[in-house]
Amino acid sequence: MEDANNIAKNYDPASFEDKLYNEWVEKGYFHAEVNKDKKPFTIVIPPPNVTGQLHMGHALDQTLQDILIRYKRMQGYEALWVPGTDHAGIATQIKVEENLRVNEGLTRYDLGRDEFLKRVWDWKEKFGNRIISQLKKIGSSCDWDRERFTMDEGCSKAVREVFVNLYNKGLIYQGSRIINWCPNCITALSDAEVEHVEQAGHFWYIKYPVKGEEGRYVTIATTRPETLFGDTAVAVNPEDERYKDLIGKTLLLPLTDREIPVVADEYVDKEFGTGCVKITPAHDPNDFEVGLRHNLEQIKVLNDDATMNKYAGKYEGMDRYECRKAMIKDLDEMGLLEKIEDHSHNVGQCYRCGTTVEPIVSKQWFVKMKPLAEPAIEAVKEGKTKFVPERFTKTYMNWMEGVFDWCISRQLWWGHRIPAFYCQECGKTIVSKEDITVCPHCGGAVKQDEDVLDTWFSSALWPFSTLGWPEKTKELEYFYPTSVLVTGYDIIFFWVARMIFSAMEHTGQAPFEHVFIHGLVRDSQGRKMSKSLGNGIDPLEIIEKYGADALRFNLATGNAPGNDMRFYMERVEAGRNFANKIWNASRFTMMNLEIDENKLPDISELQLEDKWILSKYNKIVKVVTDNLDKFELGIALSNLYDFIWENFCDWYIELVKPRLFDKENPTGKAAQYVLTYVLSHTMQLLHPFMPFITEEIWQHLPHEGESIVISKFPEYDPALEFEAEEKAMTLVMDAISAIRNRRAEMNVPPSKKAKTIIVTERTDIFEKGKAFFEKLASASEVEVRTDKAGIDKNAVNIVVAEAEIYLPMSELVDKEKELARLNDEKKKLEGEIKRVEGKLSNPKFVEKAPEKVVNEERAKGEKYRGMLEKVIENIRSMENL
RNA sequence: GGGAGUUUAGCUCAGCUGGGAGAGCGUCUGCCUUACAAGCAGGAUGUCACAGGUUCGAGCCCUGUAACUCCCACCA
């Protein structure tokens with residue numbers, strides 16, 4: 001190559017990564033469209049969070065999906081990348097709200113709906129675009145179509161279609177229920193959005209006086225005393241002898257002038273607490289049920305921001321915790337506080353902001369889950385959608401089978417507004433696909449519901465709404481159902497499960513064939529990377545320092561699907577070093593190239609080592625392909641790594657050097673061809689994992705085609721099987737290793753060359769390997785023969801399979817040490833032989849073990865017996881000296 | 001209270017359907033050998049958590065135990 005000598009000595013990703021990416025985009029390699037000549041491969045992945053910076057979790061998502069998609073594209077599929085929704089995430093709104101509050105001292109209500117939404121849009125645009133440019137840095141082959149993949153138009157239409165359909169089927173209903181309320185985000189949350197955290201708290205034992213019985217009290221234990229103002233009863237177990245006579249009596253609710261009854265309900269556990277439970281139907285899901293059974297009033301005592309309302313009397317306006325403190329003090333002074341106990345319990349927290357959520361009774365929209373879950377369970381049971389790794393099927397099933405109705409309304413402004421209209425005149429509710437202004441029943445004015453839908457409601461439609469559903473578009477027909485969803489296990493409930501049941505309901509098909517689950521990226525101490533801990537590592541910084549390929553290598557290797565991984569800088573360095581290794585192997589290749597086409601020479605021109613590397617390469621093609629097909633990306637990559645570093649670089653390049661350097665050598669050209677062939681094809685195998693460096697190298701090698709991105713993925717080729725040569729070469733390599741080993745043991749520097757005599761029956765093989773011993777085993781000259789007549793008895797002796805090697809360096813041999821070593825080796829071989837013979841003499845082993853295994857054992861036995869014979873011989877002659 | 005996962009070299013982890021224990025990093029020894037010191041060659045280090053069982057054969061399958069982790073769950 002003309003510019004081989006100008007290539008940088010070290011791998012420098014900055015010099016080509018951006019350039020290549022732009023070229024790929026410009027040439028349209030990432031674009032996918034309906035193409036009947038090809039099979040579609042569609043991949044769905046979750047969104048990068050538009051409120052911030054690309055983080056390591058996104059980098060992992062992107063890397064894995066990109067590996068799959070590049071691989072499939074090279075195999076001739078029309079590969080489409082469908083990024084998950086980036087649109088309705090309420091995180092965006094919350095960010096903007098925070099911003100408003102902190103910087104301008106305003107709330108969304110001060111701004112009004114239109115102005116507020118405009119701000120959210122601006123924010124989203126700004127960060128959305130930033131994220132897209134960041135994705136490019138890691139080589140993501142996304143063809144992010146902003147027009148097609150945004151919330152407006154198409155998606156809104158799909159959302160409305162779905163909402164109305166479900167409503168008409170009675171699967172969406174509005175009702176008063178206990179929901180989780182986040183007083184910071186000021187919205188309802190679904191069950192999945194609440195995280196339960198173990199917290200140290202207290203049990204407050206409060207005495208409720210019994211009406212008309214001076215001095216008699218009922219003691220209840222509570223963890224949330226401030227809800228007392230919403231109590232409408234106290235319940236006891238009907239079987240509880242202690243309280244039987246209380247049932248039906250009336251209690252005086254402390255701090256208020258209200259009177260509440262004592263009711264009997266099975267729900268109460270006699271063993272727990274005092275056996276008496278205060279019932280607050282408006283603020284506890286269990287109490288809510290009890291309340292329904294006993295027809296109790298629901299009294300809400302909290303405002304939306306978790307301050308107390310008028311029912312709290314003099315505590316009105318106080319924050320819930322302030323109120324708690326004040327009322328406890330008052331109760332104590334009144335002698336109504338019996339005791340306080342420490343108690344740790346699970347407290348629900350908002351998963352976005354961490355605020356303790358309040359269960360509050362509220363009128364919300366719900367999706368009836370049971371009828372939707374059933375087909376979704378079936379779909380997975382029947383294998384229409386398969387989880388990888390399989391164990392996540394169980395996680396999914398457990399959730400699906402025990403799922404409660406889904407609260408879908410959110411008291412936010414950013415998102416898809418609920419398409420329900422309330423008539424101001426007749427009070428009817430109208431759910432409509434189109435906006436309406438007048439009531440179809442009475443003609444009165446209507447008002448649309450203020451709330452928006454849970455972000456996952458629209459996200460659940462992603463696999464088909466992005467393809468044009470509900471229209472029967474050609475994209476939908478061609479790309480749907482999709483092939484793979486790549487995501488972390490933390491999102492199975494939020495998103496995966498909901499996509500599956502939504503797809504089953506609305507399209508009648510499972511949305512994807514495979515769900516490829518990965519683990520979380522943790523820091524080097526195993527902690528979750530998070531902003532608050534400040535232990536997040538910015539992928540962009542890593543890329544800048546080590547290159548995107550090194551980062552991708554790190555993310556793809558050394559961890560099994562579904563398992564968490566720790567992020568180590570040292571591992572990124574290992575990836576960078578690997579890239580550098582490839583870089584230099586390529587540089588070496590190019591420096592020694594006189595050819596300008598990429599093909600294999602005629603088989604008759606191939607030398608032993610050529611056939612060996614081709615055979616090894618061929619096997620790697622199979623290993624990589626098989627493992628990629630099984631989603632075992634890590635195994636595929638680590639095998640490639642070993643092949644490139646050990647077989648190609650450490651052995652093949654070294655073996656072939658003499659032929660390359662000697663311009664007279666008639667086999668030199670063949671070496672160049674093989675070198676080029678194996679290297680460029682290996683780059684293709686590696687391309688899905690490390691797209692940049694492979695393209696850069698591939699372009700510099702003789703090649704056909706425009707880009708490695710659109711080149712054809714290598715296939716296993718039976719013509720490249722050279723079993724015999726592989727075995728022969730292995731004998732030579734083992735012999736070389738044995739010599740190196742002995743020399744190192746004796747501290748002989750490589751510069752000290754020695755004559756090497758190889759005594760073997762297989763002269764055919766070792767004759768061919770002569771040159772290798774000179775180059776790789778510090779041989780000054782090599783002699784291959786069948787007898788050992790006339791060899792110095794003092795020579796350094798090495799016994800290997802099929803050969804005995806002598807190095808006439810008698811001055812280095814210490815007779816005592818040598819004898820000890822030989823006896824050691826004898827012992828080892830005897831041990832091996834004993835083990836093998838033990839196996840073979842066991843008739844059950846011979847009878848039951850597969851033939852292949854038995855034969856292997858026999859071959860080993862023979863090999864060791866041959867070696868042992870020689871070692872014993874050597875011991876004798878050494879002793880006779 | 002349910003469910004899942006983990007336990008393998010000093011550290012972090014691979015080890016696919018059972019057939020002689022692996023990688024990266026670290027460590028030790030020797031090498032600037034004309035692609036690469038981000039490198040080369042050679043070493044050392046393991047009762048594969050524990051106890052049973054199945055099998056000709058178990059890191060892998062079965063049973064039990066222990067420790068740790070995660071998810072789910074409306075016990076005040």
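The basis for the numbers below is simple: all heavy atoms, side chains too, and nothing from hydrogens, waters or symmetry mates.
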(request) Check whether any side-chain N or O of A/Lys528 sits under 4.0 Å from OP1 or OP2 of B/C70, and answer yes or no. (result) no
(request) State whether A/Glu825 and A/Arg821 are salt-bridged, where the test is any N-O pair (Lys NZ or Arg NE/NH1/NH2 against Asp/Glu carboxylate O) under 4.0 Å. (result) yes
(message) Work out how far the P atom of B/C48 is from that of B/G10, and round it to whole angstrom.
(response) 12 Å
(message) I'd like to check the side chain to side chain contact (heavy atoms under 4.5 Å, CB included) partners of A/Lys657; sequence neighbours left out, ordered by chain and number.
(response) A/Phe588, A/Ile653, A/Glu654, A/Phe661, A/Lys775
(request) Decide whether a cation-pi geometry holds between A/Arg224 and A/Trp204; the criteria are a distance under 6.0 Å from NZ or CZ to the six-membered ring centre and an angle within 45° of the ring axis. (result) no
(request) Map every base of RNA chain B to its dot-bracket character, where paired means a Watson-Crick or G-U wobble contact with both distances under 3.5 Å and | marks a partner outside the strand. (result) (((((((..((((.....[..)))).(((((.......))))).....(((((..]....))))))))))))....
(message) Need to verify one output field. Residue with the more 5' nearest nucleotide on RNA chain B, A/Phe493 or A/Arg391?
(response) A/Arg391
(request) Return the residues of residues 630-643 of chain A meeting this criterion: a heavy atom under 4.0 Å from some atom of RNA chain B. Order them by number, or give none. (result) A/Lys630, A/Tyr641
(message) Other residues, nucleotides and ligands only: do more than 12 of their heavy atoms fall within 6.0 Å of NZ on A/Lys844?
(response) no
(request) Could you tell me the separation between the CG atom of A/Leu520 and the P atom of B/G5, rounded to a whole number of Å? (result) 17 Å
(request) Provide the distance between the two C1' atoms, one in B/C40 and one in B/U8, to the nearest whole Å. (result) 30 Å
(message) Measuring only the C1' atom in each nucleotide, how far is B/C13 from B/U69? A whole number of Å is fine.
(response) 16 Å
(request) Determine the interatomic distance between C1' on B/U55 and the same-named atom on B/G18; round to the nearest Å. (result) 9 Å
What's touching nucleotides 38-42 of chain B from the protein side, N or O pairs under 3.5 Å?
residue	atom	partner	partner atom	Å
B/A38	O4'	A/Asn577	OD1	3.1
B/A38	O2'	A/Asn580	ND2	2.9
B/A38	N3	A/Arg576	NE	3.0
B/G39	OP1	A/Asn577	ND2	3.2
B/G39	O3'	A/Lys581	NZ	3.1
B/C40	OP1	A/Lys581	NZ	2.9
B/C40	OP1	A/Trp645	NE1	2.6
B/C40	OP1	A/Asp650	OD1	3.2
B/A41	O3'	A/Arg740	NH1	3.4

(request) Round to a whole Å and report the spacing from CG of A/Asn559 to P of B/A23. (result) 19 Å
(message) Could you tell me how far apart A/Glu390 (CD) and B/U17 (P) are, to the nearest whole angstrom?
(response) 11 Å
(request) Measure the acute angle between the ring planes of A/Tyr652 and A/Phe648, then classify it against the limits of 30° and 60° as parallel, tilted or perpendicular. (result) parallel
(message) If I pick the C1' atom on B/C68 and the same atom on B/G30, what distance separates them, to the nearest angstrom?
(response) 43 Å
(message) With rounding to the closest Å, how many angstrom separate the P atoms on B/U33 and B/A58?
(response) 50 Å
(message) Give me the atom names and distance for the closest heavy-atom approach of A/Tyr208 to A/Asp231.
(response) OH-OD2, 2.6 Å
(message) Under the side chain to side chain donor-acceptor pair (under 3.5 Å) definition, can you give me all pairs with a residue in residues 554-571 of chain A, not counting sequence neighbours?
(response) A/Arg391-A/Asn563, A/Tyr489-A/Asp564, A/Arg522-A/Asp564, A/Asn554-A/Arg571
(request) Evaluate whether atom NZ of A/Lys834 has more than 12 neighbouring non-hydrogen atoms of other residues, nucleotides or ligands under 6.0 angstrom away. (result) no
(request) Would you name the heavy atoms of A/Phe494 and A/Ala192 that are closest together and state the gap between them? (result) CZ-O, 3.1 Å
(message) Please report the distance separating the P of B/A44 from the corresponding atom of B/U7, rounded so that it comes out in whole Å.
(response) 26 Å
(message) Please find the pair of heavy atoms, one from A/Phe689 and one from A/Ala636, that lie closest to each other, and give the distance.
(response) CZ-CB, 4.0 Å
(message) Looking at A/Arg320 and A/Glu358, is there a salt bridge between them, counting it only when a charged N and a carboxylate O are closer than 4.0 Å?
(response) yes
(request) State which residues pass side chain to side chain contact (heavy atoms under 4.5 Å, CB included) with A/Asp824; sequence neighbours excluded, sorted by chain then number. (result) none
